[in-house]
Amino acid sequence: MNKLLNIFRLSLLLSLLIILFAILFGIYLPMKNELTKEVHESFSNNAKLSEKTVESFLERCIEGAESLSSRTMIRKMIVEYLGGNITLKELQEYTAPKYLDGASTLRNLKSAIRIVSGNIIASVGNSNMEKAISCEDVSETTLDIEFENQSIVVNVCSPIRENTTVIGHDFVSFDMTKLLDEINIGNIVYEIYIATNSKYISSKGKIFDVLKDDTLDSDGKITWYTMMIGDTDTFLVASVPNNIIYTHIKKLSLLIPIIIAVTFLAVILLMYYVILTNARKMIKTIEQDNIKIKELERLKSEFLATMSHELRTPLNSIIGFVSMILQGIAGDINEEQRKQLSMVHSSSIHLLNLINDILDISKIESWENEFF
């Protein structure tokens, strides 16, 4: 009985372990992976929205610089200067107030400078003269981003055209720092990284060796998403601490195992209770059966004792008296009587032997029951 119960308990334990592994690998881990995937998608989508905001800002910078370069009256005076009809000073005096007026309409303007044939015609704010001079080498509008005293500056070089001929350039700089401050709301931190000496450096001095567009990565503490800004070699990187982005997943990761463990324990206790209750019932039934068996054994023993006395004693008497008659102690008998008495004698001995055999077999069975 104990062996059967042990086998049943072992089978139950193995079944519960199989169920536990099925829940772990079939439900918990896939659900955790799916939740992590959804968190990554949500984080990436939020980052892409901010990327759109940055790209929209850069488009406005280009549009602002090109609108400044396309002012007709100022452009016509450049043509007059290049044609030798007016002097440089006259061009400068004419252009300065109108250039200032046009530049004042541009949002987030840091500085602007107009260069014609290597000469500064007009300027607003403090421009990077070295970059402004190099701007004369371009024939199409270009944009680049640089760091300047913890500020993020967008430089736009816009050619001034008369028909298809480039007659000058506007080098316009915009301050993008405020935009980054506006999108850096909440738990996600946005930073600009610029390629410098084969590395990518942020305005705060953080360094990446390699950055790829549309890439999600993590170092175990921080998760980040990188996005290339337009056609530049500049990246917008959105980052968030793992203890924030995975807060809900961590809570679920703690809650689900607890629920599984409590459920597992409850099932074990319930099944153990059921097994224990049924085992007690079975033991009680077996004990009652044993009592009945013992009672039957007692009755059997009494029957055997009775049979031993009530059957063998008379048979022994019969055999003894017949033996005395056959020996002639009770008187002479004829041959027919002797023949009949001999048959009685042999039959009585045969019957006695059968009774003895039955009693012996019953005793052996009784000993076997006591042994087992």
Side-chain angles (χ1 to χ4, degrees), residues 1-27 260-372:
M1 184 64 189
N2 289 333
K3 184 178 180 181
L4 182 62
L5 284 174
N6 289 333
I7 292 173
F8 187 76
R9 287 170 182 167
L10 182 60
S11 300
L12 174 63
L13 181 60
L14 289 174
S15 300
L16 291 174
L17 287 175
I18 291 172
I19 294 172
L20 179 62
F21 278 102
I23 293 173
L24 178 63
F25 293 102
I27 300 176
I260 293 174
V262 171
T263 305
F264 188 70
L265 182 61
V267 171
I268 290 177
L269 292 176
L270 178 62
M271 297 188 75
Y272 186 77
Y273 171 77
V274 172
I275 292 170
L276 190 61
T277 302
N278 290 331
R280 286 176 177 172
K281 290 181 180 179
M282 291 173 65
I283 291 171
K284 186 175 181 180
T285 301
I286 291 171
E287 288 176 348
Q288 291 174 350
D289 291 341
N290 285 334
I291 292 173
K292 292 179 180 179
I293 291 171
K294 287 180 180 179
E295 179 64 19
L296 291 173
E297 289 293 332
R298 186 186 65 78
L299 293 173
K300 179 181 176 182
S301 298
E302 289 180 359
F303 172 75
L304 292 175
T306 302
M307 289 291 291
S308 175
H309 177 72
E310 298 296 334
L311 291 177
R312 287 196 292 188
T313 300
L315 278 174
N316 284 327
S317 298
I318 292 171
I319 292 170
F321 284 122
V322 171
S323 295
M324 291 174 61
I325 293 172
L326 289 173
Q327 292 174 5
I329 296 175
D332 294 332
I333 57 175
N334 56 38
E335 287 299 322
E336 184 60 29
Q337 290 174 331
R338 183 177 295 281
K339 180 180 178 182
Q340 296 297 328
L341 287 172
S342 295
M343 291 175 64
V344 172
H345 184 268
S346 61
S347 296
S348 297
I349 292 175
H350 180 67
L351 180 59
L352 181 61
N353 289 333
L354 287 175
I355 292 172
N356 286 334
D357 289 340
I358 291 171
L359 293 174
D360 289 341
I361 291 171
S362 299
K363 287 180 180 179
I364 290 171
E365 289 178 350
S366 177
W367 292 342
E368 286 178 350
N369 290 331
E370 289 178 2
F371 180 75
F372 290 104

- prompt: Within a reach of under 6.0 Å around CD of Glu335, are more than 12 heavy atoms found that belong to other residues, nucleotides or ligands?
  reply: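 12 or below, so no.
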Rounded to the nearest 0.5 Å, what separates atom [atom1] in [X] from atom [atom2] in [Y]?
{"X": "Ser348", "Y": "Asn353", "atom1": "OG", "atom2": "CG", "value": "11.0 Å"}
{"X": "Glu336", "Y": "Leu341", "atom1": "CD", "atom2": "CG", "value": "10.0 Å"}
{"X": "Ile349", "Y": "Asn316", "atom1": "CD1", "atom2": "CG", "value": "10.0 Å"}

message: Run the side-chain contact (heavy atoms from CB on, under 4.5 Å) test against Met343 and tell me which residues pass, sequence neighbours left out.
response: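 Met343 satisfies side-chain contact (heavy atoms from CB on, under 4.5 Å) with Gln340 only.
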message: Quick check: closest heavy atoms across Ile319 and Leu352, and the distance to 0.1 Å?
response: CD1-CD2, 4.0 Å
message: Restricting to side-chain hydrogen bond (donor to acceptor under 3.5 Å, both in side chains), what partner residues turn up for Ser323, sequence neighbours left out?
response: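 Checked Ser323 against side-chain hydrogen bond (donor to acceptor under 3.5 Å, both in side chains); matches are His345.
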